[in-house]
Amino acid sequence: MLLSWLGRLHAIFAAWALLFMLSALFFAAGSGFQASRSRYPNPEFISNTGQPRFITSLFRADDLPNRSVLILDAPADTPGYVGMQPEVVERLTMLLRQQGMQVVRSQGQDPLPLAAGVDVAVLTCNQPSYLEIDFQAMAQTMGNIYLFDYAGYWDSAAADHAGLLLQNFARVFWPHWQDPEMALYVEHLQQKIAPTEGVLLVPGGKLYTTAARARWYLALNEALSPRRFYLRNPENGTSFVTEYFEWVQEYNTFAPWRQTQKVKLEHRDFSNLTNFTPTRTLSADEIAAAQSRDIQWVLFWNHHSDFRLADWELVPLAAVLSWNAELSR
Amino acid sequence: MTFLTGLLFIALATFLGRALLPSRQILARSLWEELGVAYLLGTAVIVVVITAGFLLGFKMALLWWLPVLAGAAGWVLERQRMGATSNLAEVPWSRPMGALLATLAVAAVLTTLALPLNEFDPIYHFAYRGKVLLYEGTPLNEAITGILSNDGYGRLVTHPNYPLGVPILEAWTAHWGGWSDRWVQLPLALWSACLPMVVAFGLRGYSKSAASYGAVLSAATPILYSYDFLADGLSGLSMAGLSSTLTLGGGADLAVMAMLGVAAALFVRARQVDCRRTAICAGLGLAGAVMMKNEGLALAGVCVLAVLLTLLLPPRRIRMAIPFVAVAMLGIAPWLGLRSQLPSIDENYSAHMTAENILHYLGGGRELIEKAPLAMSGREQPDFENAPARVGLVLLAFWDEFTDWRSWGLLWLLVIVALPVTRQRLQDPELRWLSLLVLGGVGVYFLTLLVTPWNFPSLRDKGIPERLLVHLVGPIMLMFGAILPKKDT
């Protein structure tokens with residue numbers, strides 16, 4: 001008797017299951033049956049941290065008083081406002097000023113005149129005039145190249161095209177395989193690398209993050225199959241997230257970049273940012289690995305939780321080897 | 001074209017499965033039960049045979065034709081055997097119940113296909129290896145074996161020695177139309193839809209009402225579709241199908257569930273009707289479970305042990321147990337041969353399952369807090385003095401699952417209430433091995449998580465143990481249906 005009743009009660013959960021599936025279908029239909037990023041949570045949580053360290057880390061500590069930041073904000077009672085909490089913007093402003101930086105807040109005004117000579121522009125909300133900003137004009141107006149997007153609205157590829165380096169902190173709320181710049185770069189690599197060719201993945205320098213989503217090599221390897229990708233110590237780099245931490249630590253201890261030289265490129269393969277390249281010569285260890293395999297390309301990258309086009313550079317292996325030859329003379 | 005190839009696979013697997021099943025006179029079933037069982041059985045045979053083909057050195061391009069030939073032969077044989085008469089039994093459920101089952105089944109298929117692959121495990125663990133099989137033709141290729149090398153550089157692959165069932169199905173589907181992150185899921189979209197049919201089939205020998213009840217209770221179990229739905233409130237409604245709490249899709253947990261379910265259902269019927277052919281089919285189903293995920297191997301071991309222990313008391317029916325166990329082992333053997341040639345870099349649980357390890361953790365061995373993500377990234381110093389005992393964390397996680405109605409409905413409460421009844425009715429040999437399988441499955445997963453070399457709270461965040469316990473839904477429902485009153489209502 002008890003079992004029968006419990007069974008009947010359990011059967012009611014069919015409605016729960018149906019609610020789940022109908023919701024999934026309804027919202028999938030609303031986004032064209034694609035896993036649209038717009039369905040993921042608003043990145044307010046990250047914004048709430050409001051930490052200035054990412055901004056201040058761009059410059060030397062003793063140089064901070066010479067640097068300026070433009071914060072693109074708006075009064076929170078602006079109709080349709082979505083973005084950082086006003087108190088978080090206040091806190092960010094205060095902390096940056098405590099570090100000695102000069103801070104200008106736009107408060108809904110046209111940002112271009114305010115951007116003259118600034119080093120960093122920070123987007124905090126969805127004000128239409130900010131979202132439709134002309135990156136080319138910003139690049140000409142600003143004194144430096146750094147854009148920070150805490151709201152998730154700016155197009156990194158458009159910023160890169162204008163020569164600006166955009167870091168998107170909102171993206172960490174989306175699965176990394178949905179990153180729009182990564183999708184763009186995958187299309188580019190599909191054109192450049194033949195399906196039968198091999199690529200050596202080489203970090204340009206020290207790995208500064210252990211964020212699991214920074215494992216872009218996993219996404220590229222899957223999306224670009226059957227192209228062959230090779231990595232140092234892949235058994236840790238591809239394993240459970242804690243083994244990946246060991247991979248980061250091991251790589252930083254091994255530090256192959258210390259035996260190499262940075263190489264600045266006049267023309268980049270995809271990005272427009274020539275002052276921000278991950279390229280370097282190869283260590284003896286890396287050369288041996290590349291030459292002992294059927295490898296045609298080297299893909300350099302800066303390890304970062306946001307996929308920024310400027311962090312990636314594809315170079316033919318022969319060209320990289322010629323850098324080594326030239327610089328060793 | 002990929003969509004059509006996926007449909008072709010479903011048809012071929014079903015034809016093959018139908019041909020393998022004994023006639024309807026011997027093994028009564030309704031059309032829906034037959035379709036559910038036949039699809040899973042046919043799929044199990046296909047992944048077992050293709051895995052064996054890889055071991056023998058054949059490539060996917062050639063092996064692709066085996067299901068075509070076998071499915072076509074199955075269709076011809078079935079037509080000859082059945083003739084014009086259908087001999088199909090009536091469906092055990094009422095019309096409203098049938099409508100509910102059909103609605104849930106259709107919704108499950110549509111929800112699976114509503115989005116392209118969008119989860120970590122389906123993309124990196126399974127789709128990547130599916131692409132390797134599609135483009136390279138074999139898992140014995142540098143794309144998988146090349147992760148390890150003497151100079152420390154190698155190819156990228158997650159879980160290189162995971163079974164190939166799901167990748168085989170995806171690669172087969174992509175063979176003609178090319179890879180599609182949406183349509184390669186087509187053969188994977190039927191697991192939850194098939195399980196209620198399989199449970200009904202397994203319980204038909206008890207009573208029609210048990211079969212109907214078991215089917216409806218299976219279909220009503222929320223974790224067949226997702227877990228933790230709305231755990232964070234109504235705001236989660238718009239995230240339905242997006243988050244990592246989806247069990248439908250390109251993962252392999254429902255595949256193990258469906259295969260273990262069909263194996264158990266077939267073996268129950270094999271013993272009831274004394275049919276060795278059905279026991280052979282059950283063995284193939286069990287081998288199919290092993291082809292889907294590493295956990296399938298542990299569950300197959302538990303299942304075989306449960307069946308062998310049941311033989312200790314009469315009625316023994318060894319005639320059924322021998323072909324079941326022998327065929328399962330025969331089907332699993334090629335995978336073990338293949339796996340021995342694939343790199344084992346992680347998830348090597350058998351190496352950790354030592355008596356010393358188990359006793360250490362049962363005796364209060366502490367959690368590996370130094371392996372926690374925050375500790376490993378240097379953002380938090382491990383507090384070794386206050387590290388909790390692992391056994392407490394694992395017990396708490398299991399208890400949380402047993403009482404999580406969002407994911408399980410009342411399934412675990414049913415198990416807890418059903419077990420004493422099962423104990424009173426141990427003269428029913430089916431109840432004996434089914435309850436041993438359920439208890440053994442839970443026990444094995446408990447021990448596995450007790451000795452895991454990883455930080456248990458991190459695994460908990462990834463949906464463990466719920467994604468493991470879902471494998472047992474089939475045997476649980478068969479056990480529950482078997483203790484219901486036998487008279488038809």
Identify which part of [X] has an atom lying under 4.5 Å from any heavy atom of chain A, answering side chain, backbone, both or neither.
X        : value
B:Met477 : side chain
B:Leu100 : side chain
B:Arg129 : neither
B:Phe480 : side chain

Please round to the nearest 0.5 Å and tell me the distance separating atom [atom1] of [X] and atom [atom2] of [Y].
X        : Y        : atom1 : atom2 : value
A:Phe240 : B:Thr158 : CZ    : OG1   : 12.5 Å
A:Leu218 : B:Leu156 : CG    : CG    : 6.5 Å
B:Ile483 : A:Leu3   : CD1   : CG    : 4.5 Å

Exercise for the section: In sequence, state the C-alpha distance, the side-chain angles, and the governing distance for A:His10 and B:Thr221, and then conclude on side-chain contact (heavy atoms from CB on, under 4.5 Å). Expected result: CA-CA 8 Å; A:His10 179 78; B:Thr221 305; 3.0 Å; yes
Exercise for the section: On the 0 to 90° scale, with breaks at 30° and 60°, tag the A:Trp177-B:Tyr124 ring pair as parallel, tilted or perpendicular. Expected result: perpendicular
Practice task
May I ask you to check whether B:Tyr225 and A:Phe20 place their ring centres under 6.0 Å from each other?
Solution key: no
Handout entry: SB check A:Arg293 B:Asp151 (cutoff 4.0 Å)
Key = yes
Fill in the blank from the handout: Looking only at heavy atoms, the pair that brings A:Arg228 and B:Arg155 closest together is CG-NH1, 3.0 Å
Problem - When A:Ser225, A:Ser23, A:Ala17 are compared by non-hydrogen pairs under 4.5 Å with chain B, the top option - result: A:Ser225
Problem - For A:Leu9, the option from B:Leu410, B:Leu413, B:Leu414 that meets side chain to side chain contact (heavy atoms under 4.5 Å, CB included) - result: B:Leu410
